[in-house]
A.B. asks: 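Just passing along the structure, written as structure tokens.
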Amino acid sequence: MLKEKVLKAINQQINHEYYSAFLYLSMSAWFQGKGLPGLANWMFIQYQEELSHGNKFFGYMHERGSQVVLKPIAQVETDFESVLAVFEKAYEHEQFVTASIHKIMDVAIEEKDYATQSFLKWFIDEQVEEEAHASEIVERLRMINGQTGGILMLDHNLGKRASTGS
Ligand SMILES: [Fe+2]
């Protein structure tokens, strides 16, 4: 059984992960509506990844004989100012998630919960990648500077992203 503080933090993280999934699904829908299927595809895969993150925490709770308590998912944004604004938001959100995972690690260290510390390592590495991907796209979009040609090219390239099934 997990200690109360660790349990509470992981339950909260499950909510963050499913919220992330909904946020990216909403961004995917927005891109679809703007006629950008490649960006919609990229965000849809991001949605699937976030679901799998939520499921990983969910599974870990069960492995440790602890009760998952699901909370309502907050309303996600459904409208965005621009393609750049979407990715800036995604990058900002990933930084929030990273900080949140680091806080769980702090709790696991405080509580001397070595198994949770080991489990969290995968997420800590994953967040480095998540932040790098989002930040790279933000940088590219800043260079594109709203030019239709550049956005269509990015849409084409990000449309090639395939689901990793992770
Ligand atoms: Fe995640």
Side-chain angles (χ1 to χ4, degrees), residues 2 5-32 36 38-64 66-78 80 83-111 113-141 154 157-166:
L2 291 166
K5 275 173 100 177
V6 178
L7 184 116
K8 225 177 130 189
I10 295 180
N11 256 319
Q12 183 60 49
Q13 189 61 29
I14 289 175
N15 191 274
H16 289 328
E17 298 293 346
Y18 292 133
Y19 173 87
S20 304
F22 260 49
L23 179 64
Y24 296 144
L25 187 61
S26 180
M27 288 171 170
S28 178
W30 189 81
F31 283 135
Q32 203 60 258
L36 295 164
L39 298 181
N41 168 68
W42 195 92
M43 276 301 174
F44 191 82
I45 291 169
Q46 202 62 22
Y47 150 72
Q48 290 175 319
E49 287 208 350
E50 297 307 334
L51 277 186
S52 83
H53 295 169
N55 296 347
K56 250 190 221 288
F57 278 111
F58 186 91
Y60 181 68
M61 290 280 273
H62 286 168
E63 255 176 42
R64 299 292 307 272
S66 298
Q67 186 65 46
V68 172
V69 180
L70 295 176
K71 297 271 174 65
I73 309 289
Q75 176 67 50
V76 293
E77 283 175 60
T78 56
F80 305 91
V83 174
L84 174 63
V86 173
F87 280 95
E88 279 176 339
K89 179 96 211 168
Y91 179 43
E92 193 184 294
H93 184 67
E94 285 306 324
Q95 288 173 296
F96 164 77
V97 171
T98 299
S100 171
I101 288 169
H102 289 178
K103 270 186 222 154
I104 309 174
M105 185 59 121
D106 288 341
V107 174
I109 290 168
E110 260 173 48
E111 298 290 325
D113 181 341
Y114 303 113
T116 298
Q117 289 173 39
S118 170
F119 169 76
L120 287 172
K121 275 197 181 114
W122 183 90
F123 282 94
I124 289 171
D125 295 342
E126 175 72 7
Q127 281 311 117
V128 172
E129 266 185 51
E130 295 281 1
E131 281 194 32
H133 289 157
S135 152
E136 199 186 304
I137 298 170
V138 166
E139 286 312 312
R140 223 181 289 174
L141 281 164
L154 186 71
N157 288 336
L158 296 188
K160 292 180 195 155
R161 183 183 184 190
S163 174
T164 55
S166 69

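Start at 1 and go down the list; that is how both ligands and their atoms are numbered. All of these numbers come straight from a predicted model, not from anything done at the bench.
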A.B. asks: When rounded to the nearest 0.5 angstrom, what distance separates NE2 in H133 from CD in Q46?
C.D. replies: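 Spacing of NE2 (H133) from CD (Q46) equals 8.5 Å.
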A.B. asks: Return the CG to CH2 distance between L36 and W30, rounded to the nearest 0.5 Å.
C.D. replies: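 CH2 of W30 is found 7.5 Å from CG of L36.
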A.B. asks: Angle class for the F44/Y47 ring planes (parallel below 30°, perpendicular above 60°, tilted otherwise)?
C.D. replies: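 If you compare the ring of F44 with that of Y47, the planes turn out tilted.
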A.B. asks: Report yes or no: do Q13 and H16 form a side-chain donor-acceptor pair below 3.5 Å?
C.D. replies: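 Side chains of Q13 and H16: no pair found under 3.5 Å.
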A.B. asks: Sequence neighbours excluded, which residues qualify as ring-ring contact (aromatic ring centres under 6.0 Å, His included) partners of F57?
C.D. replies: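 Only F119, F123 meet the ring-ring contact (aromatic ring centres under 6.0 Å, His included) criterion with F57.
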A.B. asks: At a cut-off of 2.8 Å, what protein N/O/S atoms sit near the Fe ion (ligand 1)?
C.D. replies: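 Within the sphere that stays under 2.8 Å of the Fe ion (ligand 1), the protein atoms of type N, O or S are E17 OE1, E50 OE1, H53 ND1.
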A.B. asks: For the CD1 atom of I104 and the NZ atom of K8, what is their distance to the nearest 0.5 Å?
C.D. replies: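 So the CD1 of I104 and the NZ of K8 are separated by 13.0 Å.
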